[in-house]
Amino acid sequence: MAALNLLEPDVTPRVSDHIPQIIELVQSLVDKELAYAVDGDVYYRVKAFGGYGKLSKRNIDEMFESAGSRIDVDERKETPLDFALWKAAKPGEPSWDSPWGAGRPGWHIECSAMSSTHLGDCFDIHGGGRDLIFPHHENEIAQSQGAHGEDTFSKYWVHNGFIDFAGEKMYKSLGNFFTTREIINLYDPESVRYFLLTVHYRSGLNFEVAVSCPACGADLDKARQESGTCACGVTTGREALRQRVRFPGLEEADDRLAYVYKTLQAARIFLAGAKRPAAEEPVLEHVATLLADFEAHMSNDFNTSGALGVLSKPLAEANTLLASGKGVSKAVRYLTLEKFVADMAVVAEILGCFGQDADTWLRGRRDQKAARLGLDRDRVEQLVADRVAARSAKDWEGADRIRAELTELGVNVQDGPDGSQWSFL
RNA sequence: GGCGGCAUAGCCAAGUGGCUAAGGCAACGGUCUGCAAAAUCGUCAUCCCCAGUUCGACUCUGGGUGCCGCCUCCA
């Protein structure tokens, strides 16, 4: 979690530490006749709670009719929709004493009990996967509002979509999923975070999976990923195939992140080497509205995708300014870049992205890749130095020869006003 | 079978009852560069199908198709 820049929860409550609160909550529902006890079980009387179904937009009357058509109904319940708040103990199960005998909590009640214990009867946001909307969250509402009143419990619901790998399902030959650990071993955790941010939280997210044949290096299409057999005739086992997995979506995210960091880095270098103008002047249009545009999207149900989108124009504007001061005054150039850097810091704080030191991030990215590819860095540095020497002697042929050599190694050299930098192709 | 959600360019993905339907990737064409890369500029969609409502719908309603989720002691 820390690697993904997620904050630690303040409280991680355990059900077994809240049995008294749970019993108290169940009792209050019984007292209000919203629940009834049968043979040591306690069930919620769904029909007695008027708002049932409002979260999942289900019609309760239709549900009463169709419920039970697929499963056997416990005859002791008043209606099939009634759900357990407390279950009588079965032999061998952990249990606690209660007014209804030894038993354990039902499967929704702890959320109601623990949320009111730690957050109070009313709180702002309740999250969860969209698969939990019915019945889990619906039942939580029935329990909490039944006990505490109609205007209590969560003000907003945040239901997130799911992550898929390679579309509908995973391939048998690859296994069914990849862990976060496996993925951040391959890609920078911040790139993963950025990738997650490129879609709205309510939408699902698909990790496209690319796999190449260990024998010939050809990319395997879906059918071949499934079978593990390449066109070249070689069949690869699951573990070996998993070693060959790439996530194109994450690579794209990683490149985008690098673009942002490079821009930020260049802007900081520029500002460090220039003088701040004495008088204030209006900054260029896209940078001027960056923060307001960004926040408008974020304020609209955490639209991170839209928010990321509005960063493009100011980013390009900054890069244009960085490349040349043509057409703008020195003051506007400086002040625009200054505001760009400052506002991006605010954006970084909100997103948990773009907040690292650009030099460190960029260098770390390159070093990690060099290590993974087993690149001989000393040799690369030497070749780059040789090429710089050749260039300053205007030995273009020699310089080109060295560039070709570096290309062989998968390395690209960029010539800039401040010298030559190398990176990966 | 029932209920809920989604369906936007080659790919990813925002968005709106009427103004140019964001942005990214890819592609193509410029600028820049000794070469190149990076950067930058430009080009690239009428929004799953059918029928309605409306002066006008991609955006609303109904039907269809496809995909996802739930209805299974998993919270």
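Bear in mind the structure is a predicted one, so any value in this text is a computation, not a measurement. Here is how names work: the chains are called A, B, and so on, in the same order as the sequence lines, proteins then strands, and each is numbered from 1. Computed over heavy atoms, backbone and side chain alike; hydrogens, waters and symmetry mates excluded.
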When all nucleic acid strands are considered with a 4.0 Å heavy-atom cut-off, which category describes Val413(A): base, sugar-phosphate, or nothing? base

Tell me the interatomic distance from Leu205(A), atom CG, to rG5(B), atom P, rounded to whole angstroms. 22 Å

Over all strands shown, is Lys90(A) touching base, sugar-phosphate only, or nothing at heavy-atom distances under 4.0 angstrom? base

Base, sugar-phosphate alone, or nothing: which one does Arg391(A) contact when heavy atoms must sit under 4.0 Å apart? base

Report yes if at least one side-chain N or O of Lys394(A) is closer than 4.0 Å to OP1 or OP2 of rG34(B); otherwise report no. no

Would you call Asp188(A) and Arg365(A) a salt bridge, using N to O less than 4.0 angstrom? no

Whole-angstrom distance between rU59(B) and rU16(B), as gauged at atom C1': 6 Å

Spacing between Tyr201(A) atom OH and rG5(B) atom P, to the nearest angstrom: 15 Å

May I have the distance from Lys326(A) (atom NZ) to rC41(B) (atom C1'), rounded to whole angstrom? 13 Å

I need the CZ-P distance between Arg403(A) and rA38(B), as an integer number of Å. 11 Å

Result for 5'-nearest mapping on RNA chain B, choosing between His200(A) and Trp396(A), is His200(A)

Taking the minimum atom-to-atom distance to the side chain of Val199(A), which one of rG34(B), rU40(B), rA14(B) wins? rA14(B)

Pair partner, rA39(B) [Watson-Crick or wobble, under 3.5 Å]: rU31(B)

Quick one: which of rA36(B), rC71(B), rC73(B) gets closest to the side chain of Asp415(A)? rA36(B)

To the nearest angstrom, how far is Lys313(A) atom NZ from rU40(B) atom C1'? 14 Å

Pairwise distance OH(Tyr261(A)) to CG(Leu362(A)) - rounded to 0.5 angstrom: 9.0 Å

Taking atom types as they are modelled, would you say the side chain of Asn206(A) forms a donor-acceptor pair with the base of rC12(B) within the 3.5 Å cutoff? no

Mind checking Arg256(A) for me? I need base, sugar-phosphate or nothing, with any heavy atom below 4.0 Å counting as a touch. sugar-phosphate

Can you find an N or O donor on one side and an acceptor on the other, under 3.5 Å apart, linking the side chain of Asp400(A) with the base of rG34(B)? yes

RNA chain B nearest-nucleotide lookup for Ala399(A) and Val15(A): closer to the 5′ end is Ala399(A)

Under-4.0 Å side-chain N/O to phosphate OP1/OP2 contact, Ser305(A) with rG24(B): no

Sort out the partner of rU20(B) for me: Watson-Crick or G-U wobble, both distances under 3.5 Å, none otherwise. none

Is the Lys NZ or Arg CZ of Arg366(A) less than 6.0 Å from the centre of Trp422(A)'s six-membered ring, within 45° of the axis? yes

Taking the side chain of Ser312(A) as its heavy atoms from C-beta onward, which of rG24(B), rG15(B), rA14(B) lies nearest to it? rG24(B)

Taking the six-membered ring where the residue is Trp, are the ring centres of Phe153(A) and His148(A) under 6.0 Å apart? no

Contact class for Ala316(A) vs. all strands (heavy atom < 4.0 Å): base, sugar-phosphate, or nothing? sugar-phosphate

Taking any heavy-atom pair under 4.0 Å as a contact, classify Arg401(A): base, sugar-phosphate, or nothing. nothing

With rounding to the closest Å, how many angstrom separate the P atoms on rC58(B) and rA7(B)? 15 Å

Tyr52(A) OH to rC3(B) C1': how many Å, rounded? 12 Å

Can you tell me which nucleotide in rG24(B), rG69(B), rA39(B) comes closest to the side chain of Glu252(A)? rG24(B)

Base, sugar-phosphate alone, or nothing: which one does Leu132(A) contact when heavy atoms must sit under 4.0 Å apart? base

Nucleotide forming a Watson-Crick or wobble pair with rC60(B), both distances under 3.5 Å: rG52(B)

Should the side chain of Arg387(A) and the base of rG34(B) be counted as holding a donor-acceptor pair, with the cut-off at 3.5 Å? yes

Let's test this: given Watson-Crick or G-U wobble pairing with both distances under 3.5 Å, identify the partner of rU65(B). rA7(B)

Distance, P atom - from rG69(B) to rG63(B), rounded to whole angstrom: 23 Å

Mind checking the CG-OG spacing from Leu186(A) to Ser191(A)? Nearest 0.5 Å is all I need. 11.5 Å

Between Arg76(A) and Asp41(A), does any NZ, NE, NH1 or NH2 come within less than 4.0 Å of an OD or OE carboxylate oxygen? yes

Taking rC41(B) as the reference, what is the distance to rC47(B) when you measure between their C1' atoms (whole Å, please)? 27 Å

Watson-Crick/G-U partner (both atom distances under 3.5 Å) of rC47(B): none

Considering only atom P, compute the distance from rA38(B) to rA26(B) and round it to an integer number of Å. 9 Å

Nearest to the side chain of Lys87(A), heavy atoms from C-beta on, is which of rC70(B), rG34(B), rC73(B)? rC73(B)

Separation of the C1' atoms in rG64(B) and rC25(B), to the nearest angstrom: 34 Å

Are His108(A) and His137(A) near enough that their ring centres are under 6.0 Å apart? no

Whole-Å C1' distance, rA13(B) and rU8(B): 9 Å

Less than 4.0 angstrom from a charged side-chain N to a carboxylate O is my criterion; do Asp359(A) and Arg268(A) meet it? no

Base, sugar-phosphate or nothing for Ser203(A)? Non-hydrogen atoms, less than 4.0 Å. sugar-phosphate

Hunt down the Watson-Crick or G-U wobble partner of rA26(B), both distances under 3.5 Å, from any strand shown, or write none. none

Rounded to whole Å, how long is the line connecting atom CD1 of Ile109(A) with atom P of rC73(B)? 17 Å

Let me know the distance between CG of Asn139(A) and P of rC71(B), rounded to the nearest Å. 11 Å

Using the ring of Phe178(A) (Phe, Tyr or Trp, six-membered ring only), decide whether Arg242(A) places NZ or CZ under 6.0 Å from its centre and within 45 degrees of its axis. yes

Between rU65(B) and rA27(B), how far apart are the C1' atoms? Round to whole Å, please. 32 Å

Let's see if you can work this out: which of rA14(B), rC73(B), rC25(B) has an atom nearest to the side-chain heavy atoms of Asn303(A)? rA14(B)

